[in-house]
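To start, the structure under review is shown below, and the notes come after it.
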Amino acid sequence: MALVTAFGGLLFLTSCMKRYDATYSSAMFVGSFVFSASIMSVVHYKTFENLESIWNYILYPAGLAVLTVGVGILVQEADQSSSNGMSNSRNNSIHEILIQNEHIAVDLQSTQDQEETAQDQEETAGEMQ
């Protein structure tokens, strides 16, 4: 079970890194792993029963809260940078498509001009005979 879970996690991470920014992917993966492992340790190992002082009861959830806030900050920054990059790449793609369409139109026009010239030459040659 542990091997399947570890391998499955790596597959999800790899798939996520193909689609999204590495900062977003790694922050979400590590953050969710640490948070879920902490919750599982509380349930399975009864972590709160082994804490000795009131500070441990305060700092343990505070550490998870800091982790969650940190992941949120990284994800927001990654989302903003990828959305800016996406709009730039979309604009560049649209510009490239427009340029390609202009080249196609010019090539089509020159082909039509060549065909008309060839027809005119054929008609002129036919009239001379």
Review item, side-chain donor-acceptor pairs of residues 30-38, under 3.5 Å, at least two apart:
unit_1	atom_1	unit_2	atom_2	d
Ser32	OG	Met28	O	2.8
Ser32	OG	Phe29	O	3.0
Ser36	OG	Ser32	O	2.9
Ser36	OG	Phe33	O	3.1
Ser38	OG	Val34	O	2.9

Note to self: Return the CZ to OG distance between Arg19 and Ser25, rounded to the nearest 0.5 Å.
What the structure shows: 10.5 Å
Check: Could you give the distance from CD1 (Ile39) to CG (Leu64), rounded to the nearest 0.5 Å?
Finding: 7.0 Å
Applying side chain to side chain contact (heavy atoms under 4.5 Å, CB included), can you list everything that pairs with [X], at least two apart in sequence or on another chain?
X     : result
Thr23 : Asp21, Leu74, Ala78
Val42 : Thr47, Phe48, Tyr60
Val66 : none

Check: Shortest non-hydrogen contact from Ser53 to Tyr57?
Finding: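 That would be O-CD1, 3.2 Å.
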Margin query: Once ring pair (Phe, Tyr, Trp, His ring centres under 6.0 Å) is applied, do any residues pair with Phe12, and if so which ones, sequence neighbours excluded?
Written below: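 So Phe12 forms no ring pair (Phe, Tyr, Trp, His ring centres under 6.0 Å) with any residue.
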Notebook entry, point to check: Would you say Leu10 and Tyr24 are hydrophobically clustered, going by side-chain heavy atoms of ILVMFWY under 4.5 Å?
Noted result: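 Not linked; separate clusters.
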Next item on the list: Please write out which residues are connected to Ile73 in a hydrophobic cluster, directly or through intermediates, given that two of Ile, Leu, Val, Met, Phe, Trp, Tyr count as joined at side-chain heavy-atom separations below 4.5 angstrom.
Entry: Val69
Notebook entry, point to check: Who else is in Leu11's hydrophobic cluster (ILVMFWY, side-chain heavy atoms under 4.5 Å, direct or via others)?
Noted result: Phe7
